[in-house]
Amino acid sequence: MTAENEREIYHKLEAMKEIRNKTITLERLKRSILNEVRSGDQEGRCLAQYKREMELLQQEKMSHVEELRQIHADINAMETVIKQTEESMSRKLSSAARLHEDYRPLKHEVDLLRRQCLGLDRLPELHEEEGSPVTPDRFPAGLSGSRSLSVGAAVGAVGAVGAAGAGSFLAPAPRKPPPPPPAFRQQPPPMKSCLSCHQQIHRNAPICPLCKAKSRSRNPKKPKKK
């Protein structure tokens, strides 16, 4: 084995080591992004339920004058929950977008190293992962200037190794992902048991959404004597 062959084998081993380290970081970022997106989408589904609950409360407000004071209190509480849920959803999706800014250029570098050094195919995109909540248009397509410079430096390093058989792979220090925001504890709406199906429904619901039976009070008001 010639010295030239030994140098080539050495540089391939260095490339494999760098690819492994960057792939581990890439997988960590990918898991963080998927968790944040799933959590944000769950908040979105909760938000839709809260808004439907708000509509029911508005209908009750028009039909039950004697319960206006309590309904107003419920509306104020639901508005607070909706606002907090919207803020939590926005924080989670913004966090996923920030993590994706680190993920995308790093994946580009890993795919480039896999292809030019090892002849391997690229890793699947986030939206190509089975069961991924990420859609192709979830994140913007453009790269920032600083990210493009980092990718260009990686391309130059790979080209130098392929042409001269020498060089080193310097891994850019990955930016530490921001800590996740504190979990929000949502306050459940006031509930009661349906007298027909015995399931838990909203305290002021006019009909049971499960069995469609008209909601009745356990202590109906007695009519006033003339």
Side-chain angles (χ1 to χ4, degrees), residues 15-52 54 79-159 161-162 169-186:
M16 291 175 64
K17 179 181 178 182
E18 184 177 7
I19 290 172
R20 178 181 178 276
N21 292 336
K22 289 188 174 183
T23 302
I24 291 173
T25 304
L26 185 70
E27 289 296 321
R28 188 180 301 114
L29 286 171
K30 180 174 67 176
R31 287 194 299 269
S32 297
I33 291 172
L34 296 178
N35 289 336
E36 291 296 330
V37 171
R38 288 192 179 97
S39 182
D41 289 346
Q42 178 63 31
E43 295 289 356
R45 287 188 288 270
C46 291
L47 181 61
Q49 293 177 359
Y50 295 148
K51 289 184 177 179
R52 287 195 296 269
M54 174 71 80
E79 286 176 345
T80 301
V81 172
I82 288 174
K83 182 179 179 181
Q84 292 173 341
T85 305
E86 288 176 338
E87 293 172 353
S88 177
M89 179 183 65
S90 178
R91 284 195 305 268
K92 290 180 183 299
L93 297 182
S94 296
S95 175
R98 287 193 302 270
L99 292 171
H100 190 261
E101 290 178 2
D102 289 335
Y103 173 86
R104 180 164 42 197
L106 181 58
K107 181 183 183 301
H108 182 83
E109 293 178 21
V110 171
D111 287 345
L112 189 64
L113 293 171
R114 285 167 59 92
R115 182 176 67 253
Q116 297 208 5
C117 297
L118 303 179
L120 299 175
D121 293 334
R122 67 172 179 82
L123 296 172
E125 299 294 338
L126 283 173
H127 64 270
E128 296 172 348
E129 297 276 351
E130 183 177 358
S132 172
V134 178
T135 57
D137 57 346
R138 167 73 74 166
F139 302 106
L143 289 175
S144 64
S146 59
R147 306 292 178 188
S148 300
L149 290 176
S150 176
V151 174
V155 174
V158 173
V161 171
F169 294 86
L170 300 177
R175 187 173 65 184
K176 186 176 180 181
F184 165 64
R185 285 190 167 184
Q186 56 190 27

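Keep in mind that this is a model prediction, so the values were computed, not measured. Counting from 1, the numbers follow the sequence of the chain as shown.
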Quickly, which of T135, L99, V134 forms a side chain to side chain contact (heavy atoms under 4.5 Å, CB included) with V37? Name it, please. V134
Measuring from I19:CD1 to L118:CG, what's the distance to the nearest 0.5 Å? 4.0 Å
Using atom types as modelled and distance alone, determine if a side-chain donor or acceptor of S132 lies under 3.5 Å from a backbone N or O of L126. yes
Rounded to the nearest 0.5 Å, how far does CZ of R114 lie from CG of L112? 12.0 Å
How many angstroms lie between atom CG of L123 and atom NE2 of H108, to the nearest 0.5 angstrom? 13.0 Å
If I compare all heavy atoms of R38 with all of G131, which pair ends up nearest, and what's the gap? NH2-O, 3.6 Å
Can a salt bridge be assigned to the pair K22 and E109 using a cut-off of 4.0 Å between side-chain N and carboxylate O? yes
Nearest 0.5 Å, what's the CD-CG distance between E101 and L29? 11.5 Å
Evaluate the side-chain contact (heavy atoms from CB on, under 4.5 Å) criterion for residues L47 and E43: first the C-alpha distance (whole Å), next the side-chain angles of each, then the deciding distance (0.1 Å), finally the verdict. CA-CA 6 Å; L47 181 61; E43 295 289 356; over 6 Å; no
Checking side-chain contact (heavy atoms from CB on, under 4.5 Å) for the pair E87/R91: CA distance, chi angles, key distance, verdict? CA-CA 6 Å; E87 293 172 353; R91 284 195 305 268; 3.8 Å; yes
List the residues meeting side-chain hydrogen bond (donor to acceptor under 3.5 Å, both in side chains) with E86, not counting sequence neighbours, and say none if there are none. none
Here the gap from M16 atom CE to L113 atom CG, rounded to the nearest 0.5 Å, amounts to 12.5 Å
If you look at every heavy atom in P133 and L34, which pair is closest and at what distance? CD-CD2, 4.0 Å
For the pair D111 and K107, find out whether any cationic side-chain nitrogen is under 4.0 Å from an anionic carboxylate oxygen. yes
Evaluate the side-chain proximity of K30 to E129: yes if any heavy-atom separation is below 4.5 Å, no if none is. yes
Taking atom CG as the centre, does D137 end up with more than 12 heavy-atom neighbours from other residues, nucleotides or ligands that are less than 6.0 angstrom away? yes
Evaluate the side-chain contact (heavy atoms from CB on, under 4.5 Å) criterion for residues R98 and S94: first the C-alpha distance (whole Å), next the side-chain angles of each, then the deciding distance (0.1 Å), finally the verdict. CA-CA 6 Å; R98 287 193 302 270; S94 296; 3.9 Å; yes
Run L93 and R138 through side-chain contact (heavy atoms from CB on, under 4.5 Å) and show every step you take. CA-CA 10 Å; L93 297 182; R138 167 73 74 166; 3.8 Å; yes
For the NE2 atom of H100 and the CG atom of D102, what is their distance to the nearest 0.5 Å? 10.5 Å
